[in-house]
Every structure is written in structure tokens, then in C-alpha cells.
Student: 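Shown below is the structure under consideration.
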Amino acid sequence: MSVLGRDAIHDLLANRTLVVTPLLQPDQIQDASIDVRLGNEFIVIRKTRISSLSFEKKNRETFGRQLHKYQTRTRIEYGEGFVLHPGQLVLGSTLEYIRLPADIAAYVIGKSSWGRMGLIIATATAVAPGYCGTPTLEIINLGEIPLMVHPGLRIAQLVLHRCEGARPYEGRYAYTTGPGFSRICEDPELDFWLDPIRHRTIQKNTGTGIDASPGPSPSGP
Amino acid sequence: MDNERAIGDCVLRAEAVRRHCDRMENEEFPSSEPVGLARALAETAQSLSEFLVWSRNQPSYNNKTAQLQIRAIDGIIKWLFEPLRYCEGAVTSKVPWSLVGPLQRLCTQLLPHTVLILRPKWRYNYTVLMSDIVTIIRKAVAPALPPKTLDKCVGGLNSQLHIVSFPYIERRSVFLHAALSHEIGHLVAEEFIRADKTPMPKAVLDRILQDVANDKFIKPLFKHAEAARRLRECAEYRKRAIQELGSDLVAVDILGFAALFALDAIVGMGNLDDIPSTRNTRYPPRRQRIRIMLHELEDYLPGLVDPNGLQSGTPKDCVYILKAYQERIRELEIIAGSTTDQAALKGDKVVEAAYQWLDQSLNALSQHVRSRCQGVSEVSFGQGTPRGIDFWQKACRLAHSRLNQGLPPNTDDDTKVPPAPATFEAIMNAGWLHLLSKIPARPSDVAGIASFKDQHGRAERLTLRALEMSDIQLMYNHWGGGQKV
């Protein structure tokens, strides 16, 4: 699939199938990407609250609670700085609210000017076609000294490309207006993969192969 | 307790105020006012305790007379701790922070030297602290501290500072927060009350006196006292009605129908004809409030309540919005059309007399509010201009092409770079139009609860997002955005 260039991006914006709001400067539209800015809401890690993150067998809710204990939401005013220490991971989001057309997918990648200072902007980079919201940015300082970032600065870029046969995104991260906590504990497969042996036992006992607990969809394993 | 120990306790209490203030400074706030207030309180407490220690070491110190002074200062220091609860409540995580900037801007437009601290309260009510908290501190501390020291302590707070509270349970209910315009309105209504020199009409006066004279249950000895009490009550009922109705007028004049819908929603299922009494803090009947707000909308925003006017002014693809809006307005018109509240007011002679007096002041109140609100917001651009329809069309576009499409209504045209920000009032009204036209009033069944909550949550998030974005866009455009930098 080809990456969309400046003119194609302009066309999509003009006919309102692609929305990037607010687009504050025309030069945010680059030759083959759109510069996006850092929002002012963050999810930071509270290292001292728990010893480690781990799924507990048979209880995915515990993991969800653990995650909220481990991470906390914080917001700074525009004009204030946010200090990222070496090795620190924070979740941020773009200042721009984005709506992709149903046939366009995107990648979020860092700006090289930040990358050269050790700042990695996104680790989970794919944005699904039809996505609507503020993409969450996983931001890590891989440099050796603390870095101060300011909300509003151009920190990443969206690379758009056409996508055939896609359906509009209606996933769990749609319509977000700030960084989102991980929802890995909502993965329906978790029940199985945390304890496959138990499911073999159920199959033997009932002879149906259908788990008694809620979880996997009919098309699941 | 002896004086020596009491002075020591004062020093320790002042230190507790300072420590609490230090903790406040490390919290996140959506505006600088809460920290400014906390700092002023801490510095005042500190100065008071230092003043006590200094006085103790003066050769003129008299152990007996000092006792009164120590007791007074101790009382003030304890009291200074109390307003810190306003600061503590105003932290970012407890308030709808996207709303703070736009609300302050609206307030500054209306009352240039007034700043607000928005904080939640556990009781279900929107309120405003009518007294400027800086003046309260100054008055309380003035007898105990030299003016220069006092200026040093509270000099950083050079505007009037009012505490506005919202019910905590509604933190995210941005649409209901349109009612905050009513709270700002209280400050405008108060101006009217301060300037109002209208004497009690002779007819009202005679009526009250006559009622007392005719009352066989009042012994002659107490007739004068009872007449005086009823006259005071009458004035108080009228004053409370002016406060509430004046604030309602301000609310609709600056936020349009969003304020009307929000104020109606907050009262909820309350009795429409409850007459003012000390039990309900002398609130005017809800029916009367709705009637006056509807009338103001009809009068002030020409065409906004008139179905024919709107029919021709509504964008074609927004007819479904018009339908839902008209339905809601019709419901309110039916409420306002009944006069059962006026009949109920006759049930209490003092209240009836007060409202008879009030009727003669309503025109002046309305004129005062309109002159104060003119030009403040997009709604109140000016009487007699076709702003009603303009504003309606903008709100429809924001509701239809933004919120209904899952986009924040921060602008109605993203093709311009930078986009023109939508105003606070347009966003709030678009939110209400979206709510009325696209979100069902209740979940269809138990299975539909999740989807109902999801739709509400999404509309609230997008509206709050739009408020914050439009604020940033506005500041960016002022800086010179749109120029290639």
C-alpha cells in the first residue's frame, strides 16, 4: 500500500473524510505525513505501588485493578514542562483529535529531532482505519539525561496509507480524548492462555469442549 | 490555659496552615487562583503568629490584657484554615478542568475584576459564595495586623475572588454545568440589588399592615412587632426572587437555551409550584423561573423559540435537531403556560405582597441584566439583531457535523488552518442539541444501559475536549497562529 503524500492528505482534509482537529499550522502537513502535537494529559507509572505486573490466573479483573494502581493519570497546563527521566515510560496522547477514513490506516512515528535526543514516541504504532480519537503515544526517554517535553510541541507524525477491505474501527480505544490505560485484561483469550490445562480438564469432564466461564467468543480457540 | 502556652499553640497552628498550603502547591490545579489563595492564607497565619511572639517580647506587654488579643488571633488562625478546603477541592482531578478556562473567560467578560475558583461540593447544589473571599480575609485580619503586613500577605490576590461550587456527583456532566452561568449571574443580580432603592409600594405596605391589623390572633401588644417582622420578610422574599430570577436572566442571556435546559434538569422532579418559604431558602416557584427564562429567550434572541423562525433558519440536514428542540421547548411552554404558581403564591399573604412588589421591578431587572450582558457572549451580541438564528445555525452545525459524527465541536470548519474556535456558548448549546436529538432520554431496557452510558460518556468527553481545544485555538490565534513560523 502506498503512503499518502501531501496532495492526497490535503484532498482528504478538504473533503472532510480525514479530520485532524485542531490543525494549527499549514506546515503540519508534510510531504508524506502529518505532524502531531503532544497533548497535556499523561498516564505515569507509580513504581512504588506494586512489585510487578502479572496476570493472576483465573482473575483478569485483578490485573485491571493492578494496572490502575501501577499507573496514574496526570494533567499539566499548557506552558508547563513534563520531565521524562532516562528509561521512564509515560503514556501521552496527541493534542489533535483524529478521524481516519474507513480506507486509510496510519502509523504514528516519532519526529527525528526528538529521536536524536533519545525520545522514542510510539512503540505500538498502528492506527486502525476509521479510528476516531486521540491516539495514545507510548513515550520513553532512551537517552541518558532527563528531557523536558512541553504540551503543544510537535512530537510525532502520522504516516497515512490506503488500506483495502478494512471495516471502520469500533474497538475499545475509539473516541478517546486523552491517553488510555491498557485494556489488555479485556482480551477474551486471556482466560484460555492463562490456564490452558484447566480448559482441557473441562473438555474431558463435560465432553463439550465449551468453557463454563464467560470469555472466549464462539470463534475463539 | 496560660498565655505562654496559648502563644505556642498559635505558632503551631500557623505552621499547620503553612504545611497544608505547601502540600497544595504540589497539587495540580487548572488555574493559578487556588494556589494563590492558599499562599495568602498561609502567609497571613504566619504573620499573625509572628506578630503574637513579637508582642509578647515588648516591654509594654501586659499579661492580663494580652489574653484577649491572643484569643482573637488564635480564632483568626483557626478560621484561616477553613478556606483551604476550597483550594483542596479545586485540584484538577476533582473538577471538570476543561471548563475552568472558558468559564473564567466568560466571567471576566461580564465582571472584569472577578476571578473564580471552581470546586465540587458533596451536597447536590450549584452555589456561589457571594462575598469576595479576599475582602473577607482582609476584614477578619485587619484589626490584628498592620496594613502593610496585611498587604504583603494578600497583595497577590488583587481581584475579587469568588468560590463557585458544583455538585461533585455531576463532575463529568458538562451539559448541566451550563447552570454555572446562573451562579455568575448572582454576582450581576447583586449589583442590581445594591443599586435598587425602590421603596415598598404603598399598596403593598398598606396591605401588610391591614392584614396584621385584621388578624385576631395577634394581641394588640404584638401588632407592631409582627407588622415589622412581616415587612422585613416581604423585603427578603422580594430580594431572594430578584437574586434567583436575575441570575436566571443572566444565564439565558449569556448561554441561551443551554442554560434553560440545564437549570430545568438540575431541579429535576421538584414541585413546579412550591412557593418560597424559609424551608426552601425562599426560592421562587420553578414554574415562574421557566416562564421568565422562556420569555427572555423569545425576547432577547428573536426567533429562537418561534417555530416558524427556526423552520426557515434550520439547515436542511438538521431538521431532526429542530424537531427534538421544539419538542422540549413545547414541554417547557406547557409548564410556563399554566398559572398555578401564581395561584399558589396567594396562599401566603406576605409572599403574595412580596411578589406584587417584585412584578414592578422585573422590567428594571431585565433591563439591567441585558445592559450588563450585551456583547459578553455570542448569544448576547445585541438586542434586535438576528443573532438568535445565527447562533441557532451555528449550534446546529456543531451538533450535526461534529458531535453526531464522533468529533469534538471545537470548530465548525476544519478546512481552515488554523480553524476558527467555536465559542464556549456555542459548544454548550451544541452539546444540548446533540443530547436532545441523538441520545435517548433513558436506556431502552437493562441490556441497553451500557450503550446509554457509552453515548452519554462520549458526548461529555467530546464536549469537554472541545472546550479545552477551543481555548487553546483562541490563545494560539491571538499569538499569531496561522502564520508560518
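Computed from a predicted model, the values in this text were never measured in an experiment.
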Student: I'd like to know whether OH of A:Y107 has more than 12 heavy-atom contacts from other residues, nucleotides or ligands below 6.0 angstrom.
Tutor: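 Open.
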
Student: Checking heavy atoms, do the side chain of A:L95, its backbone, both or neither come under 4.5 Å from chain B?
Tutor: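 Interface part for A:L95: both.
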
Student: For the side chain of B:R465 and the backbone of A:T177, is there at least one donor-acceptor N/O pair under 3.5 Å apart?
Tutor: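 At least one qualifying donor-acceptor pair exists.
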
Student: I need the residue from A:T134, A:T74, A:N15, A:I76 with the largest number of non-hydrogen atom pairs under 4.5 Å to chain B.
Tutor: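 Counting heavy-atom pairs under 4.5 Å, the top option is A:T74.
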
Student: Measuring from B:M469:CE to A:L24:CG, what's the distance to the nearest 0.5 Å?
Tutor: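 Separation between the atoms: 8.5 Å.
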
Student: Going through the checks in order, is the side-chain contact (heavy atoms from CB on, under 4.5 Å) test met by A:Y175 and B:D454?
Tutor: CA-CA 10 Å; A:Y175 305 108; B:D454 185 51; over 6 Å; no

Student: Please give me the minimum heavy-atom distance between B:G406 and A:C132, naming the atom from each residue.
Tutor: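 Taking B:G406 first and A:C132 second, the nearest heavy atoms are O-SG, 3.4 Å.
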
Student: For residues B:W97 and A:R75, report the shortest heavy-atom separation together with the two atoms involved.
Tutor: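 Answer, listing the atom of B:W97 first, then A:R75: CE3-NE, 2.6 Å.
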
Student: Might you confirm whether atom CD1 of B:I169 has over 12 heavy atoms from other residues, nucleotides or ligands at distances under 6.0 Å?
Tutor: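 Result for CD1/B:I169: open.
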
Student: Taking atom CD1 of B:I472 and atom CG of A:N40, what is their separation to the nearest 0.5 Å?
Tutor: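 The distance works out to 7.0 Å.
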
Student: Distance from A:E96 atom CD to B:N410 atom CG, nearest 0.5 Å?
Tutor: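 CG of B:N410 is found 11.0 Å from CD of A:E96.
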
Student: With rounding to the nearest 0.5 angstrom, report the OG1 to CZ distance, A:T21 to B:R402.
Tutor: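 Result: 4.5 Å between the selected atoms.
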
Student: Work out which heavy atom in B:W479 is nearest to a heavy atom in A:Q25; give both atom names and the distance.
Tutor: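 In this case the closest contact between B:W479 and A:Q25 is CZ3-NE2, 4.5 Å.
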
Student: Check A:E77 against B:F29 and note the closest heavy-atom contact, atom names and distance.
Tutor: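 Closest heavy-atom pair between A:E77 and B:F29: OE2-O, 3.7 Å.
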
Student: Looking only at heavy atoms and a cut-off of under 4.5 Å, which of B:D414, B:T411, B:T92 has the most pairs with chain A?
Tutor: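 Going by pairs under 4.5 Å, I would pick B:D414.
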
Student: Could you go through the side-chain hydrogen bond (donor to acceptor under 3.5 Å, both in side chains) check for A:Y78 and B:E468 one step at a time?
Tutor: CA-CA 11 Å; A:Y78 288 93; B:E468 194 184 17; 4.6 Å; no

Student: With a 4.0 Å cut-off on N to O distance, would you call B:D413 and A:R16 a salt bridge?
Tutor: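 Answer for the salt bridge query: yes.
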
